[in-house]
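Worksheet: one structure, shown below.
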Amino acid sequence: MSAGRGLVDDGSDWVLIERNRDAAATARAAGHWVVEADIRTLDPRHPALRCTHRFHGSPPCQTLSDAGKRSGWNGEEMAELQRVMWQASEAFGFLEVDDLCSLYGGPHGYYGDVIEGMEDHTDADGWGDECGGGHLPPCMTPAAFREWAASVVSDERTALMAEMLIWPMCLVQIGAPLVSVTMEQSANLLKQTPALAEAIQSEITSPEGFGWAWCSWQIEDAADYGAATHRERAWMVATRYEQPRYADHVDGQAAAGEMWAHVLKKTGSLPDWMPELDRRIEPYQGRPALPVVTVADALDLPADWWADTRGKRKINPKTGKPNGGGSFTLNRVGPCVTAPWYGIKFRPADVPQGEGTVKISLPDLGVLVGFRRDYPWTYIPTRAGAEGIRNIAQMIADPVSPLMGAAVSAAVQGEDWYKPVTDYQATLYRLRMPAQPPTALHAALQSLPVPVKESVLAPWHPLAAAPLELVTWH
């Protein structure tokens, strides 16, 4: 998300909170300020945070993703967590009531009359601002609310969804000028457990809660924003005073029918609890979509080659395809990158499955997600000689694609995403200009070693598609 934000950043200071030490070291190497800590050990009411304008959260997705144990799909657990999260506005001082005076032992009733037996109270003859309506004061600490949320679920990682209410509400509670909240999570948050998304949306927009102007939910695929591999994520965008940039209004019922078609087919009705889908952000705003980039284009490999992610597999005689999948052709956008992809081998179509010899590199794995080739992936060895290849591959598989992160970041701050991301994509994937007749210089350079050849940028070179100011001449 930070790499994407950097493409559209308007000069703000960003502080990252990251528990994983390798990810924290990578972010530092990329130039970011990082607090290496479990977010649950921090107090969002700390005075140092009083100038916070924006908050972004990426709660862990293991309990929601298809690859995990799916404890986050448990309907009973999610209903309990939803009820807990509905209490966030009261817990942190955002519940508005009509009668503060009598609630706190004052002498006046709802209509301002003196309560029987309270005639001798020192304030009986006076009526102040705090006697009528107002907000109840906070009644829970962040630590207590976290403990409550964790007590109703079987996996504590699911309870981290509550941080998406704890942090914004506590920041506003201490006077921070917070104006936006964004979040990304597994697409299954919306598809399988929409009650949690509803709880967050209702607490943010309800007049009895946070009372913000906008909170939208949608699922977006990074491949639709220029990445070479698919990466579907659920996104939330919330703004305090007005609509975000790229705001769009749609038919909520139609969107709900499409989102939960699998529920309709199974039960004949939509989920009992779900967020409103009548609003969304549409970053393109009618502009042409970014070019579709295949894996072959991204890695400069032949389009008719294949990738094998799981080694040699037996062939199913009925389908003629390897059992268990694990192979895909390079002439299309790739599947979502996962950690085991560090073992990918590429092969021509006429080479048997599992017998390829061209290996993928970690920088190229990052490129498929949308990170530049020189991104400083960092591993801190736990034992002598450890290279951390699997750990780095996991880091590459976990994050938001910078191309999608830029579009969402631009919706709440910074400059428009379209040109910066178009330029970044063209440079990252070496998108080519339309074919031009070869020149004598072209032919001569073709015979040179690759490092020399790629250090000279002629008009026909792939990087010529990028703006001139982004090109480094050697």
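Sequence positions, counted from 1, serve as the residue numbers for this chain. Remember, predicted model here, so these are calculated numbers, not experimental data.
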For the residue pair [X] and [Y], categorise the inter-ring angle as parallel (less than 30°), tilted (30 to 60°) or perpendicular (more than 60°).
{"X": "Trp148", "Y": "Phe145", "result": "perpendicular"}
{"X": "Trp167", "Y": "Phe55", "result": "parallel"}
{"X": "Trp235", "Y": "His56", "result": "tilted"}

Verify the neighbour count for atom [atom1] of [X]: are there more than 12 heavy atoms of other residues, nucleotides or ligands below 6.0 Å?
{"X": "Gln285", "atom1": "CD", "value": "yes"}
{"X": "Arg19", "atom1": "CZ", "value": "no"}
{"X": "Asp13", "atom1": "CG", "value": "no"}

Are Glu220 and Arg280 within salt-bridge range, i.e. N to O under 4.0 Å? yes
Looking at Glu163 and Arg40, is there a salt bridge between them, counting it only when a charged N and a carboxylate O are closer than 4.0 Å? no
Do Tyr379 and Trp377 have ring centres separated by under 6.0 Å?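 No, the ring centres sit 6.0 Å or more apart.
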Distance in Å, Thr158 OG1 paired with Leu196 CG, rounded so as to fall on 0.5 Å steps: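 Atom-to-atom, Thr158:OG1 and Leu196:CG are 8.0 Å apart.
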Just verifying a value: how many Å separate Leu42 CG and Ile166 CD1, rounded to the nearest 0.5 Å?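 The CG atom of Leu42 sits 11.5 Å away from the CD1 atom of Ile166.
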Tell me, with the steps shown, if Tyr246 and Trp214 meet ring-ring contact (aromatic ring centres under 6.0 Å, His included). CA-CA 12 Å; Tyr246 319 133; Trp214 176 282; over 10 Å; no
Could you note down all residue pairs passing salt bridge (charged side-chain N to carboxylate O under 4.0 Å, His left out) where residues 254-263 supplies at least one of them, sequence neighbours left out?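 Every pair satisfying salt bridge (charged side-chain N to carboxylate O under 4.0 Å, His left out) with a residue in residues 254-263: there are none.
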Which pairs with one or both residues in residues 190-205 pass salt bridge (charged side-chain N to carboxylate O under 4.0 Å, His left out), sequence neighbours excluded?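 Counting only pairs at least two positions apart or across chains, the salt bridge (charged side-chain N to carboxylate O under 4.0 Å, His left out) contacts touching residues 190-205 are Lys191-Glu232.
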Check whether any side-chain N or O of Tyr429 sits under 3.5 Å from a backbone N or O of Ala228 as a donor-acceptor pair, and report yes or no. yes
Sub-3.5 Å donor-acceptor pair from the side chain of Glu276 to the main-chain atoms of Gly252, do we have one?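 Flag not set: sc Glu276 to bb Gly252 has no pair under 3.5 Å.
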Scan side-chain atoms only and decide if Thr294 and Asp297 contain a donor-acceptor pair under the 3.5 Å cut-off.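 Yes.
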If I compare all heavy atoms of Ala149 with all of Ala162, which pair ends up nearest, and what's the gap? CB-CB, 4.1 Å
Might you point out which heavy atoms bring Ser269 and Val263 nearest each other, and give the distance in Å?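 Residues Ser269 and Val263, closest heavy atoms: O-CG1, 3.4 Å.
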Set of salt bridge (charged side-chain N to carboxylate O under 4.0 Å, His left out) partners for Arg390, sequence neighbours left out: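 Checked Arg390 against salt bridge (charged side-chain N to carboxylate O under 4.0 Å, His left out); zero matches.
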